[in-house]
Amino acid sequence: MSQVRKDGVTLYEKKDFEGMRKAGKTAAEVLDFITPYVQVGASTGELDDLCRNFIKEKGAISATIGYNGYKHASCISINHVICHGIPNHERKLADGDILNIDITVIVDGWFGDTSRMFYAGTPKIKTKRLCDVTYECTMRAIDIVKPGARLGDIGALIEGIAHKNGYSVVDMFCGHGLGRVFHDEPQVIHCGQKGTGPLIEEGMFFTIEPMINIGKRDGIILQDGWTAVTRDKSLSAQFEHSIGVTNDGCEIFTLSPKGYTKPPYKIG
Ligand code: MF3
Ligand code: CO
Ligand code: CO
């Protein structure tokens, strides 16, 4: 049986990794599937409909439909939207837009949560640079996850990379434990100090999903109750993976079966 730590963090068993592997792979497959459709002129509503149908065909469940009243199978966050952008049929992608598509599915009761950045057409150099650095923040943070490390190590690493590049780290949202639930302990803060925060132990499942802004870190939530945007309207980027801590490192559950890492993606 899995154990729950005093701080509410669940430590899962070896056999639970298989469930997360399947859920994570399915979530990543949704992003792989949608990739060729992310084109100038496509609406975010269309993209969401496609994701919804694909998830259904896979026999999986969208974790976001019905979550706190959210009605969509994806969050699609364009340009200065930090996260939780609501898909709609009016907003069509324009040349130079960057967007994050975030998918969470449930497979056999396990949650897989992942997001990637996409380009519509050709991004400006400074926009591409934001996406590249955000990808680096995510992957280098995953690299240091192992038993004995602390969650503050993750935040410090991300903040270090972001600040070195002149960017800021959003502090109003964080990564989270997941497994048989969507959002669980611990909170995975994307800034902080090395050597602080909850201890990382084998069997922990959580997401790392830093949101990085070109301008200031501050965000506001729009009237719709979901869409988070940068206060200064500066561009924001994010990548998210769901991971499980092993005896000597971690396993990424949400790697792309097609090998899509960061944009531009070679379709094939
Ligand atoms: N997938 C998001 C996360 O990374 C949560 C989206 S909740 C929604 O935690 F309701 F906005 F879809
Ligand atoms: Co998440
Ligand atoms: Co997500």
Side-chain angles (χ1 to χ4, degrees), residues 9-10 20 23-32 34 44-45 47-49 51-52 54-55 60-78 81-88 91 99-107 110-118 134-135 137-139 141-142 145 151 154-155 158 169-190 204-212 219-229 236-244 250 252-256 260 262:
V9 171
T10 299
M20 288 301 284
K25 184 180 178 201
T26 302
E29 281 172 341
V30 180
L31 294 180
D32 284 2
I34 202 64
T44 56
L47 298 176
D48 183 70
D49 289 342
C51 289
R52 181 188 305 245
F54 183 83
I55 291 166
I61 297 169
S62 164
T64 54
I65 298 173
Y67 176 80
N68 290 339
Y70 194 77
K71 293 186 171 61
H72 306 272
S74 62
C75 296
I76 305 187
S77 304
I78 305 177
V81 179
I82 296 171
C83 65
H84 304 162
I86 303 176
N88 72 83
R91 177 57 160 102
L99 55 149
N100 174 279
I101 305 183
D102 190 341
I103 297 287
T104 311
V105 296
I106 313 170
V107 178
W110 295 96
F111 285 71
D113 186 7
T114 186
S115 78
R116 295 178 204 145
M117 295 304 295
F118 296 83
T134 305
Y135 180 76
C137 286
T138 309
M139 299 315 287
I142 291 171
V145 172
L151 288 181
I154 293 175
I158 290 168
V169 180
V170 171
D171 62 354
M172 62 190 287
F173 299 99
C174 50
H176 49 93
L178 83 174
R180 290 206 170 273
V181 288
F182 194 168
H183 293 113
D184 204 355
E185 295 300 324
Q187 289 193 36
V188 180
I189 298 167
H190 300 112
M204 279 169 71
F205 296 161
F206 57 89
T207 70
I208 297 182
E209 48 179 304
M211 287 142 272
I212 308 295
I220 45 176
I221 303 198
L222 300 185
Q223 288 295 335
D224 60 29
W226 287 103
T227 314
V229 300
S236 185
Q238 178 181 32
F239 287 85
E240 173 176 28
H241 276 304
S242 299
I243 66 176
C250 72
I252 306 177
F253 297 126
T254 44
L255 285 177
S256 160
Y260 295 160
K262 61 172 185 169

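First listed ligand is number 1; within each ligand, the first listed atom is number 1.
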Is any side-chain heavy atom of [Y] closer than 4.5 Å to one of [X]?
{"X": "Val181", "Y": "Thr10", "answer": "no"}
{"X": "Ile55", "Y": "Ile61", "answer": "no"}
{"X": "Ile106", "Y": "Phe182", "answer": "no"}
{"X": "Thr254", "Y": "Phe239", "answer": "no"}

Exercise for review: Look at the side chain of His84 and the backbone N and O of Cys75, then say whether any donor-acceptor pair between them is shorter than 3.5 Å.
Suggested key: no
Check your understanding: Do the side chain of Thr138 and the main chain of Glu240 share a donor and acceptor less than 3.5 angstrom apart?
Key -> no
Check your understanding: Are the aromatic rings of Tyr70 and His72 close, with centres under 6.0 Å apart?
Key -> yes
Point to revise | Between Phe111 and His176, ring centroids under 6.0 Å | key: no
If you count the atoms of ligand 1 from 1 in the order shown, which ones are under 4.0 Å from a heavy atom of [X]?
{"X": "Thr104", "result": "1 (N)"}
{"X": "Glu240", "result": "4 (O)"}
{"X": "His183", "result": "3 (C), 5 (C), 9 (O)"}
{"X": "Thr64", "result": "12 (F)"}
{"X": "Trp226", "result": "8 (C), 10 (F), 11 (F)"}
{"X": "Cys75", "result": "6 (C), 8 (C), 11 (F), 12 (F)"}

**Study point:** Side chain, backbone, both or neither: the part of Asp113 lying under 4.0 Å from ligand 1 by heavy atom
**Key:** side chain
Revision key, fill the gap. With heavy atoms and a 4.0 Å threshold, my read on which part of His72 contacts ligand 1 is neither
Review point. Quick one: does Phe182 get within less than 4.0 Å of ligand 1, heavy atoms only?
Key: yes
Point to revise | Identified side chain to side chain contact (heavy atoms under 4.5 Å, CB included) counterpart of Ile86 within the set Asp48, Leu222, Asp224 | key: Asp224
**Study point:** Test ring-ring contact (aromatic ring centres under 6.0 Å, His included) applied to Phe118 - qualifying residues, sequence neighbours left out
**Key:** Tyr265
Check your understanding: Looking at Asp32 and Arg116, does any basic side-chain N land under 4.0 Å from a carboxylate oxygen?
Key -> yes
Check your understanding: Are any of the N/O atoms in Asp102 less than 3.5 Å from those in ligand 1?
Key -> yes
Check your understanding: Does the N or O separation between His84 and ligand 1 drop below 3.5 Å for any pair?
Key -> no
Practice item. Everything protein-side that's N, O or S and under 2.8 Å from the Co ion (ligand 2): list it, residue and atom. Key: Asp113 OD2, His176 NE2, Glu209 OE2, Glu240 OE2
